[in-house]
J.: 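Can you read through this structure? Questions will come right after.
Note: hydrogens, waters and symmetry copies are ignored here, and every other heavy atom, side chains too, is used. Residues: numbered from 1 along the sequence shown.
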Amino acid sequence: MTTIKREIKPLPKDEINFTLPAIEQFTLSNGLKVFFIQKQKLPIIQLSLVFDAGSKYDPAGKKGLANLFAMLVDEGAGEFDSLQLSDEFDMLGTHFNVSTTEDNIYFSLQSLTENFKRSAELFAKVLTAPHLNEKDFERERRKIITRLLQLKDEPDEIADLVFSKRVLGEANPYAYPVSGYEKDITSTSIDDVRTFYKNFIHPDNGSIIAVGDISKGSLEVQLNSLLAGWEPKSPYQVEHKIIYNKKFKLFIVDKKDAVQSEIRAGHTAARRNETDYYSKTLVNMILGGQFTSRINLNLREKNGFTYGATSRFSYLKDDAFFSVSTSVNTENTLPALKEIINELNGIRAGISEEEIEFAKSSLIRKFPSNFETYRQ
């Protein structure tokens, strides 16, 4: 029987040997760009159609429009109503989803290779012939309004919302929640959704990312056949200005009966493609980007203020910001905030070579795991 000496740190078994998958590109007859990676380890195909149509394009008084469209678009398409369409995907064992972020709307499909042709046919129906009818619209709008009412009782959601508006500034298109506001959703009509579809969902405004057990030639033939009638159009132009709130301020939101305080601290930052991305990534790993980071060891291990505290750089297409977040008992609110500020000031004083090497090792050794699933 072998005894494991747990006081001795195990060494890595082998050096990491990882090669990025090769990406092939081609363009469909209607101008839609396709980025393709062939993976044959599993009989699965993952396909995502990404549109430049996120919540940052929501017009004034219609915050939440992009998300409402995403909730509605797969509620019936072609000859199928909502339940029939869902049943068709279920019988194929196919996962289909439409989601929204600040920058994009994603039409995502994951299918067994043997069922991909039929799954892609259904995918194309949702894309090119959604019903977008009044009855489904009213149902999905009620769901969103109900969820927005529920979020008013969640302190972490309130903290995130207030942080975005105060740090980015109320005029910033990224300062608003993807799900929108109750009053805006209430005033949004089915015609607004149909106009959004007309303006944003077309080949010139999207790209396909496809990964899986299929050849490039076969994929190209199938997509061209399914989307031949989906015609391109000129991109819908929307101007949005990024305006920052650069003053240092402290904001307190009184949430009655909350058992904890939600703390958010941060500022705007350079975008990912502008400067120092890797340097900032390493600094953040040391500061608050992993369990052994300075902020987490301080607030959790040393002081017992919280179960966890993190920091991160959040990158959007046209903007970015840095944030520290944690939840603490109410009586520890001020002490925890002081310690966060101490750590933010302390990182300026210097970082040891040991910290840098540990952060590099952590990032490098975790990197291959970012490519494990077809969705990744």
Side-chain angles (χ1 to χ4, degrees), residues 28 30 32 34-51 53-54 66-101 104-144 147 178-179 190 193-194 196-197 200-203 206-215 218-230 372-376:
L28 301 184
N30 62 7
L32 184 64
V34 181
F35 300 84
F36 171 65
I37 296 174
Q38 186 173 31
K39 283 179 69 74
Q40 297 176 297
K41 288 185 177 181
L42 296 172
I44 293 174
I45 298 171
Q46 170 76 37
L47 187 147
S48 293
L49 178 45
V50 186
F51 291 100
N67 183 63
L68 180 52
F69 163 77
M71 298 260 312
L72 180 62
V73 69
D74 62 344
E75 295 297 306
E79 68 271 29
F80 303 110
D81 63 24
S82 178
L83 290 177
Q84 290 170 337
L85 184 62
S86 179
D87 287 343
E88 288 289 319
F89 279 123
D90 287 344
M91 286 188 293
L92 295 167
T94 297
H95 177 74
F96 177 76
N97 182 57
V98 185
S99 59
T100 313
T101 67
N104 303 108
I105 286 180
Y106 295 82
F107 286 66
S108 300
L109 178 82
Q110 183 169 286
S111 168
L112 293 170
T113 303
E114 63 186 76
N115 294 332
F116 177 70
K117 182 177 180 180
R118 177 56 178 161
S119 298
E121 289 173 358
L122 297 173
F123 180 94
K125 288 180 186 292
V126 175
L127 188 63
T128 62
H131 290 175
L132 302 179
N133 64 46
E134 186 80 39
K135 181 180 178 181
D136 294 329
F137 168 77
E138 293 295 342
R139 182 181 63 253
E140 295 306 311
R141 182 167 66 171
R142 284 195 300 270
K143 287 182 183 178
I144 295 176
R147 179 56 182 156
V178 172
S179 54
I190 184 61
V193 175
R194 290 167 179 163
F196 181 92
Y197 172 73
F200 288 98
I201 308 303
H202 52 82
S207 298
I208 285 179
I209 297 94
V211 180
D213 182 27
I214 190 172
S215 69
S218 178
L219 178 66
E220 186 171 2
V221 168
Q222 290 190 50
L223 291 179
N224 268 321
S225 175
L226 290 170
L227 302 177
W230 192 38
E372 285 182 333
T373 70
Y374 286 27
R375 180 178 295 276
Q376 287 173 314

J.: CG of Leu47 to CZ of Phe123: how many Å apart, nearest 0.5 Å?
T.: 5.0 Å

J.: Roughly how far, to the nearest 0.5 Å, is CD1 of Ile190 from CG of Leu68?
T.: 7.5 Å

J.: List the atom of Leu226, the atom of Ala120, and the distance in Å for their closest heavy-atom pair.
T.: CD1-CB, 3.4 Å

J.: Could you go step by step and tell me if Arg375 and Ser108 meet the side chain to side chain contact (heavy atoms under 4.5 Å, CB included) rule?
T.: CA-CA 9 Å; Arg375 180 178 295 276; Ser108 300; 4.1 Å; yes

J.: Atom CG of Asp213 and atom NZ of Lys39: how far apart are they, to the nearest 0.5 Å?
T.: 11.0 Å

J.: If you take all heavy atoms of Ile144 and Ser179, which pair is closest and at what distance?
T.: CG2-O, 3.9 Å

J.: Could you tell me whether the side chain of Asp87 reaches within less than 4.5 Å of the side chain of Phe80, counting heavy atoms only?
T.: no

J.: Work out which heavy atom in Ser111 is nearest to a heavy atom in Ser119; give both atom names and the distance.
T.: OG-OG, 3.3 Å

J.: Can you tell me how far CD1 of Ile45 sits from OG1 of Thr113, rounded to the nearest 0.5 angstrom?
T.: 4.5 Å

J.: If you take all heavy atoms of Leu219 and Ala210, which pair is closest and at what distance?
T.: CD2-CB, 3.6 Å

J.: How are the rings of Phe196 and Phe69 set to each other: parallel, tilted or perpendicular (split at 30° and 60°)?
T.: tilted

J.: Check whether Asn104 reaches the backbone of Gly54 with its side chain - one donor and one acceptor, N or O, closer than 3.5 Å.
T.: no

J.: Going by heavy atoms in the side chains, are Lys125 and Leu85 under 4.5 Å from each other?
T.: no

J.: Which distance, rounded to the nearest 0.5 Å, do you find between the CH2 of Trp230 and the OG1 of Thr128?
T.: 8.5 Å

J.: Which heavy-atom pair separates Asn30 from Leu32 by the least distance, and what is that distance?
T.: OD1-N, 3.1 Å

J.: Taking the side chain as every heavy atom from C-beta outward, state whether Glu88 and Arg118 have any pair of such atoms under 4.5 Å apart.
T.: yes

J.: Got a second to check how far Leu227's CG is from Leu28's CG, nearest 0.5 Å?
T.: 6.5 Å

J.: Using a 3.5 Å distance criterion without hydrogens, assess whether the side chain of Gln38 forms a donor-acceptor pair with backbone atoms of Ile214.
T.: yes

J.: So do Phe107 and Asp74 actually touch side chain to side chain, heavy atoms under 4.5 Å?
T.: no

J.: In the structure I gave you, are the side-chain heavy atoms of Leu122 and Leu92 within less than 4.5 Å of one another anywhere?
T.: yes

J.: Which atom pairs, one a donor and one an acceptor, fall under 3.5 Å between side chains of residues 132-141 and the rest of the protein, sequence neighbours left out?
T.:
{"unit_1": "Asn133", "atom_1": "OD1", "unit_2": "Lys135", "atom_2": "N", "d": "3.4"}
{"unit_1": "Asn133", "atom_1": "OD1", "unit_2": "Asp136", "atom_2": "N", "d": "2.9"}
{"unit_1": "Asn133", "atom_1": "ND2", "unit_2": "Asp136", "atom_2": "OD2", "d": "3.1"}
{"unit_1": "Asp136", "atom_1": "OD1", "unit_2": "Arg139", "atom_2": "NH1", "d": "3.1"}
{"unit_1": "Asp136", "atom_1": "OD1", "unit_2": "Arg139", "atom_2": "NH2", "d": "3.0"}
{"unit_1": "Glu138", "atom_1": "OE1", "unit_2": "Arg141", "atom_2": "NH2", "d": "2.9"}
{"unit_1": "Glu138", "atom_1": "OE2", "unit_2": "Arg141", "atom_2": "NH2", "d": "3.1"}
{"unit_1": "Arg139", "atom_1": "NH2", "unit_2": "Glu75", "atom_2": "OE1", "d": "2.6"}
{"unit_1": "Glu140", "atom_1": "OE2", "unit_2": "Lys143", "atom_2": "NZ", "d": "3.2"}
{"unit_1": "Arg141", "atom_1": "NH1", "unit_2": "Thr186", "atom_2": "O", "d": "3.1"}
{"unit_1": "Arg141", "atom_1": "NH1", "unit_2": "Thr188", "atom_2": "O", "d": "2.6"}

J.: If you compare all heavy atoms of Pro130 against all heavy atoms of Tyr197, which two are closest, and at what distance to 0.1 Å?
T.: CD-OH, 3.5 Å

